[in-house]
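Start at 1 and go down the list; that is how both ligands and their atoms are numbered.
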Amino acid sequence: MAQKLLLKNIKQLIAVYQTAPQKLEGAEMKRLPSLNNAWLAAQDDVIIDYGTMETFPGITDWKDLEIIDCEGKIVMPCFADSHTHIVYAGNREQEFVDRINGLTYEEIASRGGGILNSANKLRETSEDDLFEQSKLRLHEIILQGTGSVEIKSGYGLCLESELKMLRVIKRLKNLNWIPIKATFLGAHAVPLEFKDNKTGYIDVIINQMLPAIASENLANFIDVFCENNYFTAQETKQILEAGKKYGLIGKVHAEQLSHSNGIKTAIECDAISVDHLEFCNQDDILLLKNSNTMPTILPGAAFFLNLPLPPARKMIDAGLAVAFASDFNPGSCPTGNIKLMMSMACIQYKLTPEEAINATTINSAYAMGLQNSVGTITIGKLANLIITKTINSYSFLPYAFGSDLIDTVIINGQKFK
Ligand code: NIG
Ligand code: FE
C-alpha cells in the first residue's frame, strides 16, 4: 500500500523548480523561486506534485493519506550537509578549555592532542559502541533539519580502525533514515606509529587501506587534509590519484590553517569539493571559476577556532557557486546545526538569506553528488522537507539565530520529528 502525504495551506513553499538546477552560481544564488499559499503531495518517499491552493487536488482516495495543515508555516527542502565527521568516540572539551587558556589548535595537535587524541579514543571503542554514539548524532542533526549527509572516516588512522569507522557509516546508511555518502579520510593526520615515516603511512593508505575499502565497497569519496604538518599538495595529489583508480572521487580539506595549494591540487584531480578555504586567495578563485569543484565554507569551524573568514562573498561576486556545510566533529565544530551555519553565513559572511538557503541545500547537495535527489522542491526528488514553526518570512530563520524554528521534519515522505 502506497503511503501518501499531503501538506496543505503552506504559507510559502520555497526552492521550487520544475527542472532542478545542478547548482546555483554567482548572482543565481540570490534566486529562491517560491509559491505562496501552496500544497505539496508525496507518495512513498518522493514528491509527486505541488501547486497553489487554487489548484488543490481533488482527492478521491483518502486511504492511507496523512494530511498536515501548514497554515502560517514555510516548507523547504531539508538541509544537505556535505561535510561531517559525526562518527567519532568521546569528546574533546579539555582542548576547548586549553584553547581558551591560550594554546592554538596547532600547538594542541603537536602535543599529541587534536585528531590523534580522537584516534586514540576511537581505537579503544568497539564498533557497536561507536555505532550507538554516532547514531545519536545522526538523529540529532535530522531533528535540526538535515535530510542528507556526508560522513568521513579519518579518526582510525590504521587499517582496522578506518574499516571500523567506514563499517559504522555503512550501518548508519542501512538505517535508511537519510541519504549518506561515505568518505575515506585515512589522510587526516599521520598516526604516531608513523611519526617519522610519513611515506610509510601513505604507502599503507594506498596499498592496504584503499584495496580493502574498495573490496567492501565502503566509500564514495576520498579526502585529504592538505596542510602544514599534515599532507603536502604533492602527497594530496598522490593519494587522490590512487583513490581515483578505485573509483573514489576526491574532496580536499584545503587552505584551512595556511595556504597549502590544496585548491589547485583538488581542481587538478577533479575533486567534487574543496572545503574550509580560510586562506583562499584571488588566484584560487580564478582557478575555481574554471572548474566543477564546489568551494565549501565551514563557518562553524572558523568560528570555533577563531580563524580568519573565508572569502565567501568575494567568491559569489566573482560568479562562483558556494556551498556551506557544518564540519560537525569533536575538534573544530562540535555541532551540526545547519540553521546556525546559515545565520553565520548571513551575519559574518554577508550572504543574503536566499544565498544562505541555496548554499545549504542545492549547492551543498552538489558538493556530495546528491543534487539530483535532494536540495530542491522538484517532482521525483526525495520528500525530505522542513516545515517551520509559524514565522513571517524565511529571513526569520537565519535572523533568529539561536531559536529552534523547525516544527516538523519529513523524511522519506513521513514525519521524523
Ligand atoms: O575539518 N581540518 C581537519 N579536520 C577537522 C578537524 C578534526 C579534528 O580536530 O578532530 C576539520 O576541521
Ligand atoms: Fe573536516
S110 side chain near N229 side chain, heavy-atom distance below 4.5 Å
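No, every pair of side-chain atoms sits at 4.5 Å or beyond.
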With a 4.5 Å cut-off on side-chain heavy atoms, are K173 and L138 touching?
no
Does R92 approach ligand 1 within less than 4.0 angstrom via side chain, backbone, both or neither, non-hydrogen atoms only?
side chain
Check each heavy atom of Y155 against ligand 1 and say whether those closer than 4.0 Å belong to the side chain, the backbone, both or neither.
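It is the side chain that gets close, since no backbone atom is under 4.0 Å.
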Scan side-chain atoms only and decide if S273 and D275 contain a donor-acceptor pair under the 3.5 Å cut-off.
yes
Can a donor-acceptor pair be found between the side chains of H83 and D327 at a distance below 3.5 Å?
yes
Qualifying residue for side-chain contact (heavy atoms from CB on, under 4.5 Å) with K152, from H188, K181, H85
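With K152 as partner, side-chain contact (heavy atoms from CB on, under 4.5 Å) holds for just one option, H85.
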Contact between H83 and ligand 1, counting heavy atoms under 4.0 Å?
yes
Contact between ligand 1 and Y105 is defined here as a heavy atom of the residue under 4.0 Å from a ligand atom; is it met?
yes
Where the Fe ion (ligand 2) is the corner point, what angle links NE2 of H85 with OD1 of D327, to 10°?
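It comes to 90°.
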Which atoms of ligand 1 sit under 4.0 Å from any heavy atom of [X]?
X	answer
G331	8 (C), 9 (O), 10 (O)
D327	1 (O), 11 (C), 12 (O)
S332	6 (C), 11 (C), 12 (O)

Contact check: H83 to the Fe ion (ligand 2), N/O/S below 2.8 Å
yes
Any N/O/S atom from H253 (main chain or side chain) under 2.8 Å of the Fe ion (ligand 2)?
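Checking the Fe ion (ligand 2) against H253, an N, O or S atom does fall under 2.8 Å.
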Does NZ or CZ of R137 come closer than 6.0 Å to the centre of the six-membered ring of Y88, within 45° of the ring's axis?
yes
Ring-plane angle category for F416 and H139, please: parallel below 30°, perpendicular beyond 60°, tilted otherwise.
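Aromatic pair F416/H139 classed tilted.
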Counting only heavy atoms not in N392, do more than 12 fall under 6.0 Å of its CG?
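It does not: N392 CG has 12 such atoms or fewer within range.
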Give the single entry among Q256, H188, H276 that approaches atom 4 (N) of ligand 1 most closely by any heavy atom.
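Ranked by closest heavy atom to atom 4 (N) of ligand 1, first place is H188.
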